[in-house]
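Note that the numbering runs from 1 along the sequence shown for the chain.
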Amino acid sequence: MELGLVGLGKMGGNMRERIRRAGHTVIGYDRNPDVADVHSLEELVAKLKSPRVVWVMVPAGAATQSTVDELAELLEPGDVVVDGGNSRWTDDEKHAAELGRKGIGFVDCGVSGGVWGLENGYALMYGGDAENVAKVQPVFDALKPEGDFGSVHAGKVGAGHFAKMVHNGIEYAMMQAYAEGWELLEKVDSVTDVREVFRSWQEGTVIRSWLLDLAVNALDDDEHLENLRGFAADSGEGRWTVEAAIDNAVPLPAITASLFARFASRQDDSPQMKMIAALRNQFGGHAVESTKK
């Protein structure tokens, strides 16, 4: 089949290659002319045969909104837009309604796989009407990992990105657990080879996972992570997961704590800990460390 792909960054560029390897035609557009096949969305749409499928792989928010708005003016009834970025599920509902008024279908797709997806395949979670999903199915089949699993029609519009959001929330908590365990092992004198302890967990343990494999890779590159600053950003999906939990009265203590730990990583000197230190000094006479030399 033919696919228009908008956004050819680290993910989009590799996805284009994987889809082409499966025998499909991909026409890609990116603001960077060095990687683009065409020079505008208008040219991309003109090169596709009806019914068209255009996959949007750009940052969530304003960039996705402007792309959907432009495609709404270029596409025709029966065409389908797929949002494969990390959009919030509530935006999917809005985009589906906007495009639906023009007879254009919409499918949201959460994509996981990162830079490894080209060779290993991408886990896909998609939402939308069965009729629209069917038009994109050959591309889903090309992108997914080999085997029976790795992709799912999660439900109606918004379900794909909601499922990917929860996936990322779980990812936050799993990474935090590995990080806390690593720090504790590094802290004690009795454990003399933390990297090999992590490596030993890769086989036969209940905590083995791809994330653990990646942790070992990182320790092989920099055994004590001395070349990294302890700063971790968040893409927004961890926050959305916690907000959804609040809206639905679902307790998520591990995921919430892992999100807050990332916030703490951005503070060189925690204001909260200043108050904790002051209070411990006031009620218990515990020593405090002065910033004065």
Has [X] got a side-chain atom pairing as donor or acceptor with [Y]'s backbone, closer than 3.5 angstrom?
| X | Y | result |
| --- | --- | --- |
| Asn281 | His286 | yes |
| Glu43 | His39 | yes |
| Arg266 | Ala232 | yes |

Is there a path of hydrophobic side-chain contacts, each under 4.5 Å between heavy atoms, that joins [X] and [Y]?
| X | Y | value |
| --- | --- | --- |
| Trp116 | Tyr122 | no |
| Val81 | Val136 | no |
| Val188 | Leu225 | yes |
| Leu5 | Leu74 | no |

Quiz prompt | Stepwise side chain to side chain contact (heavy atoms under 4.5 Å, CB included) check, Val82 with Val54 | solution = CA-CA 6 Å; Val82 183; Val54 179; over 6 Å; no

Pairing of [X] and [Y] as salt bridge, 4.0 angstrom limit:
| X | Y | value |
| --- | --- | --- |
| Arg21 | Glu17 | yes |
| Arg20 | Asp37 | yes |
| Arg195 | Glu186 | no |
| Asp268 | Arg229 | yes |
| Glu243 | Arg88 | yes |

Could you tell me whether the side chain of [Y] reaches within less than 4.5 Å of the side chain of [X], counting heavy atoms only?
| X | Y | answer |
| --- | --- | --- |
| Gln137 | Asp141 | yes |
| Phe162 | Lys164 | no |
| Arg199 | Asp220 | yes |
| Gln202 | Leu212 | yes |
| Met1 | Val139 | yes |

Taking all non-hydrogen atoms of both residues, which atom of [X] and which atom of [Y] are closest, and how far apart?
| X | Y | result |
| --- | --- | --- |
| Lys144 | Leu124 | N-CD1, 4.1 Å |
| Leu44 | Val38 | CB-CG2, 3.7 Å |
| Leu71 | Val45 | CD2-CG2, 4.1 Å |

Quiz item: With a cut-off of 6.0 Å (strictly less than), are more than 12 heavy atoms of other residues, nucleotides or ligands near CZ of Phe231?
Solution: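 Yes, because the 6.0 Å sphere around CZ of Phe231 holds more than 12 heavy atoms from other groups.
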
Quiz item: Would you find more than 12 non-hydrogen atoms of other residues, nucleotides or ligands less than 6.0 Å from Glu196 atom CD?
Solution: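 It does: Glu196 CD has more than 12 such atoms within range.
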
[X] side, atom [atom1]; [Y] side, atom [atom2] - distance, nearest 0.5 Å:
| X | Y | atom1 | atom2 | result |
| --- | --- | --- | --- | --- |
| Asn168 | Ile255 | CG | CD1 | 10.0 Å |
| Asp69 | Leu41 | CG | CG | 11.5 Å |
| Asn227 | Asp222 | CG | CG | 4.0 Å |
| Thr64 | Asn86 | OG1 | CG | 9.0 Å |
| Arg18 | Leu143 | CZ | CG | 7.0 Å |
| Phe263 | Arg239 | CZ | CZ | 4.0 Å |

Practice problem: Specify whether Tyr126 and Phe140 have parallel, tilted or perpendicular ring planes, treating 30° as the upper limit for parallel and 60° as the lower limit for perpendicular. | Solution: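 Rings of Tyr126 and Phe140: parallel, as their planes differ by under 30°.
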
Quiz item: With sequence neighbours left out, what residues match Trp201 under ring pair (Phe, Tyr, Trp, His ring centres under 6.0 Å)?
Solution: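 For Trp201, the residues satisfying ring pair (Phe, Tyr, Trp, His ring centres under 6.0 Å) (neighbours in sequence not counted) are Phe198.
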
Quiz prompt | Option among Lys49, Lys135, Arg52 that satisfies the salt bridge (charged side-chain N to carboxylate O under 4.0 Å, His left out) test with Asp79 | solution =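 It is Arg52; the other options fail the test.
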
Quiz item: Met174 and Glu171: side chain to side chain contact (heavy atoms under 4.5 Å, CB included), yes or no, with the steps?
Solution: CA-CA 5 Å; Met174 290 176 66; Glu171 177 186 292; 5.8 Å; no

Quiz prompt | Arg262 to Tyr172, cation-pi by 6.0 Å centre distance and 45° axis angle | solution =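 That pair qualifies as a cation-pi contact.
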
Practice problem: Indicate whether the side chain of Tyr178 and that of Ser209 have a donor and an acceptor atom separated by less than 3.5 Å. | Solution: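 Yes, side-chain donor-acceptor contact under 3.5 Å.
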
Expected list for residues 93-114: side-chain donor-acceptor pairs under 3.5 angstrom, two or more places apart:
from: Lys94; atom 1: NZ; to: Gln65; atom 2: OE1; distance (Å): 3.3
from: His95; atom 1: ND1; to: Asp91; atom 2: O; distance (Å): 3.3
from: His95; atom 1: NE2; to: Gln65; atom 2: OE1; distance (Å): 3.0
from: Glu98; atom 1: OE1; to: Gln65; atom 2: NE2; distance (Å): 3.4
from: Asp108; atom 1: OD1; to: Gly158; atom 2: N; distance (Å): 2.7
from: Asp108; atom 1: OD2; to: Gly160; atom 2: N; distance (Å): 2.9
from: Asp108; atom 1: OD2; to: His161; atom 2: N; distance (Å): 2.8

Exercise. Could you walk me through whether Trp182 and Leu185 pass side chain to side chain contact (heavy atoms under 4.5 Å, CB included), step by step?
Key: CA-CA 5 Å; Trp182 173 79; Leu185 287 167; 5.7 Å; no

Practice problem: Let me see the working for Leu3 and Ile19 under side chain to side chain contact (heavy atoms under 4.5 Å, CB included), right down to the final yes or no. | Solution: CA-CA 9 Å; Leu3 178 75; Ile19 297 166; 3.7 Å; yes

